[in-house]
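What follows is a single structure, written as structure tokens, with notes after it.
Position 1 is the first residue of the sequence, and the numbers go up from there. All values reported here derive from a predicted model rather than from experimental measurement.
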Amino acid sequence: MNYPETFRYTKEHEWVSVDGDTGTIGITDHAQNELGDIVYVDLPKIGSVIETGKSLGSVESVKAVSDIYAPVSGEVLEINTLLAEAPEKLNEDPHGDAWLVKIRLTNPAEVSGLLSAEEYQAFIGG
């Protein structure tokens, strides 16, 4: 799997892609692979404030329920409604169409503390 170079990653297997003051958050290909078949995604409400390192929702697979941790802080602007109808998209395209939430960053400097694609791949042994 190629991990997009423009994304930043956490050791909890989330990613964030930043465009201006907006961050798009998702889970990594490694995470979806470890989870197995995803059957349900629980996401925050639009307008919610999320904090770095705190749970922003969860992903349920046939194996387990796993929390999703916010890689950066911000206010939820948009959630991916596609995942309510088709949670399995997370298994198919975790770095693309199956993003989870878009947020307005409250502290853009947090991004610099995250892993690069190369660092993340080294972390997961890829």
Side-chain angles (χ1 to χ4, degrees):
M1 176 72 203
N2 286 334
Y3 288 86
E5 294 291 331
T6 56
F7 290 10
R8 290 294 170 256
Y9 302 87
T10 69
K11 289 185 175 180
E12 290 75 35
H13 313 292
E14 292 86 18
W15 58 261
V16 61
S17 172
V18 177
D19 182 13
D21 68 348
T22 302
T24 302
I25 297 171
I27 64 169
T28 65
D29 182 64
H30 177 79
Q32 72 77 23
N33 205 25
E34 291 291 306
L35 286 166
D37 293 336
I38 294 171
V39 295
Y40 181 74
V41 180
D42 181 38
L43 297 174
K45 293 187 179 1
I46 292 173
S48 301
V49 174
I50 60 174
E51 291 180 49
T52 301
K54 306 273 179 161
S55 177
L56 67 84
S58 61
V59 174
E60 184 176 340
S61 72
V62 292
K63 293 182 183 178
V65 176
S66 296
D67 280 329
I68 303 161
Y69 297 99
V72 290
S73 301
E75 178 188 349
V76 177
L77 301 173
E78 189 179 342
I79 61 168
N80 191 344
T81 56
L82 167 73
L83 298 178
E85 299 159 12
E88 69 277 4
K89 287 286 183 199
L90 263 172
N91 293 117
E92 298 163 14
D93 192 13
H95 298 162
D97 288 341
W99 55 272
L100 302 174
V101 296
K102 293 189 180 194
I103 66 168
R104 180 176 301 110
L105 302 172
T106 51
N107 186 358
E110 290 174 337
V111 175
S112 65
L114 300 173
L115 303 173
S116 69
E118 187 178 323
E119 290 167 332
Y120 179 72
Q121 287 179 87
F123 172 72
I124 61 172

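Annotation: side chain of K45 is not in contact with side chain of V76 (no heavy-atom distance under 4.5 Å). When side chains are defined from C-beta on, E75 does not count as touching S48, because their heavy atoms never get closer than 4.5 Å. Taking 4.5 Å as the limit, every side-chain heavy atom of N2 sits out of range of all side-chain heavy atoms of D29. P108 places none of its side-chain heavy atoms less than 4.5 Å from the side chain of V18. Considering only heavy atoms from C-beta on, D67 comes within 4.5 Å of S58 through its side chain. Counting only heavy atoms from C-beta outward, the side chains of T106 and V49 never approach each other to under 4.5 Å. Using a 4.5 Å heavy-atom cutoff, the side chains of I103 and I25 are in contact.
Grouping the Ile, Leu, Val, Met, Phe, Trp and Tyr side chains by contacts below 4.5 angstrom, directly or via other members, places L114 with I50. Hydrophobic clustering (ILVMFWY, side-chain heavy atoms < 4.5 Å, transitive): F7 and Y3 are in one cluster. Linking Ile, Leu, Val, Met, Phe, Trp and Tyr whenever their side-chain heavy atoms come within less than 4.5 Å puts I27 and V101 in one cluster. In terms of hydrophobic clustering, with Ile, Leu, Val, Met, Phe, Trp and Tyr side chains grouped at heavy-atom distances under 4.5 Å, L90 and I79 are assigned to a common cluster. Hydrophobic clustering (ILVMFWY, side-chain heavy atoms < 4.5 Å, transitive): I68 and I124 are in distinct clusters.
Scanning both residues, W15 and P71, for their nearest heavy atoms gives O-CG, 4.0 Å. When all heavy atoms of E5 and R8 are compared, the pair lying nearest together is O-NH1, 3.2 Å. Contact record, A84 with P87: O-CD, 4.2 Å, taken as the closest heavy-atom pair. Counting all heavy atoms, side chain and backbone alike, L35 lies closest to K63 at O-CD, 3.4 Å.
Looking only at distances, a side-chain donor or acceptor of N80 sits under 3.5 Å from a matching main-chain atom of D97. Side-chain N or O atoms of N91 include one that pairs as donor or acceptor with a backbone N or O of G36 at under 3.5 Å. Judged by distance alone, the side chain of T52 and the main-chain N or O of S73 form a donor-acceptor pair under 3.5 Å.
In this structure, CG on L100 lies 8.5 Å from CD on E14, to the nearest 0.5 angstrom. Distance CD/Q121 to CG/L115: 11.0 Å, rounded to 0.5 Å. Between atom CG of residue D37 and atom CD of residue Q32 there is a gap of 9.0 Å, rounded to the nearest 0.5 Å. Atom CZ of R104 and atom CG of D21 lie 6.0 Å apart (nearest 0.5 Å).
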Quiz prompt | Test side chain to side chain contact (heavy atoms under 4.5 Å, CB included) applied to V72 and N107, step by step | solution = CA-CA 8 Å; V72 290; N107 186 358; over 6 Å; no
Practice problem: Decide yes or no on side chain to side chain contact (heavy atoms under 4.5 Å, CB included) for T28 and T10, but give the supporting numbers first. | Solution: CA-CA 9 Å; T28 65; T10 69; over 6 Å; no
Exercise. In sequence, state the C-alpha distance, the side-chain angles, and the governing distance for E60 and D42, and then conclude on side chain to side chain contact (heavy atoms under 4.5 Å, CB included).
Key: CA-CA 8 Å; E60 184 176 340; D42 181 38; over 6 Å; no
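Counting heavy-atom neighbours within 6.0 Å of E118 CD, excluding the residue itself, gives a total of 12 or less.
In this pair, Y120 and H30 present their aromatic rings perpendicular. The plane angle is above 60°, beyond the 30 to 60° band. Between F123 and H13, the ring planes lie tilted relative to each other; the angle falls in the 30° to 60° range.
For the side-chain contact (heavy atoms from CB on, under 4.5 Å) with K89, the qualifying choice from V41, L83, I38 is L83, the only one to do so.
Residue pairs meeting the ring-ring contact (aromatic ring centres under 6.0 Å, His included) criterion with at least one member in residues 36-77: none, sequence neighbours excluded.
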